[in-house]
Novice: 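Here you go, one structure.
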Amino acid sequence: MTKRIGVYPGTFDPITLGHMDIIERGAKLVDELIIGVTTNIAKSPMFNDDERIAMVEREVASVGNIKVRVVGFNSLLMDFAEAQGASVVIRGIRGVTDFEYEYQLTGMNRQLNDRIETVFLMADVALQPIASRLVKEIALYGGEIGKFVTPKVREEVMARVAEEKASGG
């Protein structure tokens, strides 16, 4: 029997409790889950690639009983998934807007590589509103983000916000 490898891609800027929910649940569907940390050129990251990879590695290390690897990539998702030996891509969906975007993306990805399936996991109802973009925005305006991220991630985000404010950013 061949090992089923899945890829869960994202920018994870920062990694949220919603991401962690999808990681824990997605890991149950495959023998090994590779968390692909990438840079989305349409987004302005708060943390650089190395910082985000380290953050994700630290956060998933605290989750017991799952086989997970964190790998940075900067290529087409289908090329990355193929190089990792993945047969499935796992995507988290928060709502209708996510679904429309992911549906289109999945169609394009199937045109690039129809040997890799995409599986959508609905976010836990309590975690559906969480988005990294909103977490950063709340933090930048001085709001409390502790409901959306782990304590260590909260600390890192708030430190980065303080750095940006001190530098006039």
Side-chain angles (χ1 to χ4, degrees), residues 3-94 98 101-102 104-106 108-113 115-121 123 127 130-137 139 145 148-161 163-164 169:
K3 183 175 173 182
R4 184 182 307 251
I5 298 173
V7 168
Y8 176 43
T11 53
F12 306 102
D13 186 49
I15 188 168
T16 67
L17 297 177
H19 292 129
M20 293 300 295
D21 175 58
I22 299 298
I23 290 167
E24 290 178 41
R25 292 172 43 225
K28 294 175 186 173
L29 303 176
V30 294
D31 299 313
E32 179 180 19
L33 182 62
I34 297 167
I35 302 169
V37 179
T38 189
T39 299
N40 183 333
I41 57 173
K43 297 179 181 179
S44 299
M46 177 177 272
F47 297 96
N48 69 36
D49 292 353
D50 292 337
E51 290 169 327
R52 287 181 289 113
I53 289 168
M55 183 185 293
V56 173
E57 286 176 333
R58 184 195 64 239
E59 294 302 313
V60 299
S62 68
V63 179
N65 242 1
I66 60 173
K67 178 78 168 136
V68 174
R69 270 192 306 131
V70 180
V71 178
F73 77 103
N74 202 357
S75 64
L76 289 172
L77 173 57
M78 290 294 105
D79 291 345
F80 174 71
E82 181 88 25
Q84 300 301 312
S87 60
V88 63
V89 170
I90 295 172
R91 302 293 293 176
I93 303 286
R94 291 176 302 221
D98 279 357
Y101 172 75
E102 294 294 341
Q104 182 179 20
L105 190 61
T106 298
M108 295 296 286
N109 284 338
R110 285 201 52 84
Q111 294 294 317
L112 295 172
N113 187 334
R115 295 176 307 279
I116 299 174
E117 291 295 335
T118 299
V119 174
F120 298 125
L121 292 179
L127 303 173
I130 301 174
S132 293
R133 175 182 54 81
L134 297 175
V135 168
K136 290 185 289 191
E137 189 173 323
I145 61 171
F148 314 119
V149 296
T150 65
K152 183 64 179 162
V153 171
R154 179 193 173 283
E155 181 182 307
E156 289 172 323
V157 170
M158 298 316 291
R160 184 57 47 94
V161 167
E163 286 172 20
E164 288 181 11

Novice: Show your reasoning for whether side chain to side chain contact (heavy atoms under 4.5 Å, CB included) applies to Ile15 and Ile23.
Specialist: CA-CA 11 Å; Ile15 188 168; Ile23 290 167; 4.0 Å; yes
Novice: Could you check whether any side-chain heavy atom of Thr150 comes within less than 4.5 Å of a side-chain heavy atom of Leu17, counting everything from C-beta outward?
Specialist: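 Heavy-atom side-chain distance check passes, below 4.5 Å.
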Novice: For the residue pair Ser132 and Pro14, what are the closest heavy atoms and their distance?
Specialist: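 So the two residues come closest at OG-O, 2.7 Å.
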Novice: Step by step, would you call Phe80 with Ile34 a side chain to side chain contact (heavy atoms under 4.5 Å, CB included)?
Specialist: CA-CA 10 Å; Phe80 174 71; Ile34 297 167; 4.0 Å; yes
Novice: Which heavy-atom pair separates Val68 from Ile35 by the least distance, and what is that distance?
Specialist: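 That would be CG1-CD1, 3.3 Å.
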Novice: Using the rule given for salt bridge (Lys or Arg N to Asp or Glu O under 4.0 Å), can you reason through Glu164 versus Lys136, listing the C-alpha separation, both sets of side-chain angles and the distance that settles it, and then say yes or no?
Specialist: CA-CA 12 Å; Glu164 288 181 11; Lys136 290 185 289 191; over 6 Å; no
Novice: Has Lys28 got more than 12 heavy atoms of other residues, nucleotides or ligands less than 6.0 Å from its NZ?
Specialist: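 No, not enclosed.
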Novice: Can you tell if the side chain of Ile66 reaches within under 4.5 Å of the side chain of Leu33, non-hydrogen atoms only?
Specialist: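 Answer no - side chains too far apart.
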Novice: Could you give the distance from CG (Leu112) to CG (Asp79), rounded to the nearest 0.5 Å?
Specialist: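 Answer rounded to 0.5 Å: 7.5 Å.
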Novice: Report the C-alpha distance between Asn109 and Val89 in whole Å, list the side-chain angles of each, state the deciding distance to 0.1 Å, and finish with yes or no for side chain to side chain contact (heavy atoms under 4.5 Å, CB included).
Specialist: CA-CA 10 Å; Asn109 284 338; Val89 170; 6.0 Å; no
Novice: For Val30 and Val88: C-alpha separation, side-chain torsions, deciding distance, then whether side chain to side chain contact (heavy atoms under 4.5 Å, CB included) applies.
Specialist: CA-CA 9 Å; Val30 294; Val88 63; 3.6 Å; yes
Novice: Rounded to the nearest 0.5 Å, what separates atom OG1 in Thr38 from atom CG in Asp13?
Specialist: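 One gets 11.5 Å once the value is rounded to the nearest 0.5 Å.
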Novice: If you round to the nearest 0.5 Å, how far is CG of Leu77 from OG1 of Thr106?
Specialist: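 CG of Leu77 is found 9.0 Å from OG1 of Thr106.
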Novice: Of all the heavy-atom pairs spanning Ala86 and Val7, show the shortest one and how long it is.
Specialist: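 Between these two residues, the closest heavy atoms are CB-CG2, 3.6 Å.
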Novice: Please identify which of these residues, Arg69, Gln84, Arg4, meets the side-chain hydrogen bond (donor to acceptor under 3.5 Å, both in side chains) condition with Glu32.
Specialist: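 With Glu32 as partner, side-chain hydrogen bond (donor to acceptor under 3.5 Å, both in side chains) holds for just one option, Arg69.
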Novice: Is it the case that the side chains of Arg110 and Thr118 hold a donor-acceptor pair, with the cut-off being a distance below 3.5 Å and no angle test?
Specialist: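 No - no donor-acceptor pair under 3.5 Å links their side chains.
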Novice: For the CD1 atom of Ile22 and the CZ atom of Arg91, what is their distance to the nearest 0.5 Å?
Specialist: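 Reported to 0.5 Å precision, the distance equals 10.5 Å.
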Novice: Which pair of non-hydrogen atoms, one from Val37 and one from Thr11, has the smallest distance, and what is that distance?
Specialist: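 That would be CG1-O, 4.0 Å.
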Novice: For the residue pair Phe12 and His19, categorise the inter-ring angle as parallel (less than 30°), tilted (30 to 60°) or perpendicular (more than 60°).
Specialist: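 Ring orientation of Phe12 relative to His19: perpendicular.
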Novice: Counting N and O atoms only, with roles assigned by atom type, does the side chain of Arg154 sit under 3.5 Å from a partner on the main chain of Ile145, one being a donor and the other an acceptor?
Specialist: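 Looks like no, no N/O pair under 3.5 Å.
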Novice: Mind listing the closest non-hydrogen atom pair of Val135 and Phe148 along with its distance?
Specialist: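 Between these two residues, the closest heavy atoms are CG2-CB, 3.8 Å.
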Novice: Calculate, to the nearest 0.5 Å, the distance between atoms CZ and CD belonging to Arg94 and Glu102 respectively.
Specialist: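 Rounded to the nearest 0.5 Å, the CZ-CD separation comes to 9.0 Å.
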Novice: Within this structure, what is the CG-OG1 distance for the pair Leu127 and Thr16, rounded to the nearest 0.5 Å?
Specialist: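 Interatomic distance, Leu127 CG to Thr16 OG1, rounded to 0.5 Å: 7.5 Å.
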Novice: Return the minimal non-hydrogen interatomic distance between Ile116 and Glu82, and the atom names on each side.
Specialist: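 Minimum heavy-atom contact is CD1-N, 3.8 Å.
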